[in-house]
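Remarks on the structure that follows.
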Amino acid sequence: MEMMDLNRRRRGSFVAVVAASALVAGIAGCGGDDIKGSRADLVHGKQEFVARCGACHTLARAGTRGNVGPDLDAAFAQSIEDGFGRDTIQGVVHEQILYPNSRMPAKIVKGQTAVDVAAYVANAASKGGEDQGALASAVRTASAGSARAEGGKLEIDANPDGQLAYTVRTATATSGALEIDSRNASSVPHDIALASADGSELGKGETVSGGGVSRVDVDVRPGRYTFYCTLPGHREAGMEGTLTVR
Ligand code: HEC
């Protein structure tokens with residue numbers, strides 16, 4: 001495997017990064033503002049980024065707002081300003097996926113998928129605006145519509161693509177005993193909790209992923225409540241909504 005070193009300036013300091021495997025060098029385009037490599041599937045890269053990386057990283061064009069790891073728009077802003085091509089950034093991201101420095105789990109995606117994700121991130125980072133064409137519709141809208149309790153049961157599922165959102169932003173129920181079920185088809189762990197208007201937590205379901213259901217049983221009276229995910233950073237990134245009880 002052929003490796004090359006490059007220094008890149010980030011957050012005011014020089015960081016040495018070993019980047020670009022022969023594979024990445026092979027698909028790298030001629031630089032400039034867009035990745036020209038024909039062998040990277042950006043649509044697939046975006047979908048996988050949202051599903052596997054977005055819970056930890058903010059990337060505006062992907063609509064992800066995770067805050068466990070660095071904001072990837074900010075992380076590459078300086079390198080782009082300094083004139084590093086997006087093909088170079090693709091190599092840095094690919095290297096990070098395979099051989100992260102520390103806290104990030106290694107090889108969350110592998111092979112061609114890792115190439116696709118790296119290409120998408122490099123293409124989208126610090127670019128402003130919105131994805132166009134096929135990329136614009138690569139990932140479903142995180143939340144839409146409202147859920148309504150039936151027979152004392154309310155379903156508020158987690159976004160199946162791994163975005164930090166439930167499938168609905170609002171829900172309604174009538175007073176009395178209420179079971180809230182939150183199915184999570186994604187690989188990103190989530191739970192669901194309910195708090196009253198004063199912010200006190202009334203109950204919380206277990207943490208689930210891969211199709212598990214987080215369930216919380218509460219007794220509600222007329223008023224406004226908030227449902228949210230208690231995993232670190234998820235609520236702050238948008239994984240919450242309002243339950244109105246009549
Ligand atoms: C569990 C949380 C988590 C997941 C999931 C995750 N990362 Fe990270 N990532 C981190 C953390 C924490 C750091 C900073 C420490 C480090 O470098 O290991 C980081 C660092 C990075 C960096 C370096 C940013 C910089 O400032 O130079 C890149 C690029 C990156 N991640 C891309 C990805 C991609 C692409 C994925 C999905 C394949 C991903 N990450 C998945 C937590 C995560």
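Everything numeric in this text was worked out from a predicted model, so none of it was measured. No hydrogens, no waters, no symmetry mates; every other heavy atom, side chains included, goes into these values. Indexing begins at 1, ligand by ligand and atom by atom, following the structure's order.
Close contacts of ligand 1 with V117, meaning ligand atoms under 4.0 Å from a residue heavy atom, involve 35 (C). Contact atoms of ligand 1 toward I108: 4 (C), 5 (C), 6 (C), 41 (C) (distance under 4.0 Å to a heavy atom of the residue). When each atom of ligand 1 is checked for a heavy atom of V109 under 4.0 Å away, the hits are 38 (C). Counting the atoms of ligand 1 from 1 in the order shown, those under 4.0 Å from a heavy atom of I97 are 35 (C). Close approach of ligand 1 to F76 is summarised as follows: ligand atoms under 4.0 Å from at least one heavy atom of the residue are 29 (C).
With K46 as the fixed residue, the side-chain contact (heavy atoms from CB on, under 4.5 Å) test singles out one of V121, N123, D131, L59: D131. The only option from D116, T113, L72 that meets the side-chain contact (heavy atoms from CB on, under 4.5 Å) definition with F49 turns out to be L72.
At a heavy-atom cutoff of 4.0 Å, ligand 1 is contacted by the side chain of L72 but not by its backbone.
Distances from atom 14 (C) of ligand 1 to the heavy atoms of G69, A51, P70 put P70 nearest. Summarising the contacts of atom 4 (C) of ligand 1 with C56, S79, C53, the nearest heavy atom is found in C56. Residue Q96 holds the heavy atom nearest to atom 20 (C) of ligand 1 of all those in E48, Q96, E95, K110.
In terms of heavy-atom proximity, A134 sits nearest to V43 at CB-CG2, 3.8 Å.
Residue-to-ligand polar distances keep A75 apart from ligand 1: every N/O pair is separated by 3.5 Å or more. Residue contacts with ligand 1: R52 is placed with no nitrogen or oxygen under 3.5 Å of a nitrogen or oxygen of the ligand (distance criterion only).
For D198, the side chain to side chain donor-acceptor pair (under 3.5 Å) partners two or more places apart in sequence, or in a different chain, are S196, S200.
Classification of R61 and E130 as a salt-bridged pair fails, no side-chain N sitting under 4.0 Å from a carboxylate O. A salt bridge between D217 and R215 is present, with a side-chain N of the basic residue lying under 4.0 Å from a carboxylate O of the acidic one.
With atom 8 (Fe) of ligand 1 as vertex, H57 NE2 and M104 SD subtend 180°, rounded to 10°.
Between the side chains of S182 and S214, no donor N or O sits under 3.5 Å from an acceptor N or O.
Other cluster members for Y225: L154, I156, Y166, V168, L178, I180, I192, L194, L202, V216, V218, V220, F227, M239, L243, V245, joined by side-chain heavy-atom distances under 4.5 Å among Ile, Leu, Val, Met, Phe, Trp and Tyr.
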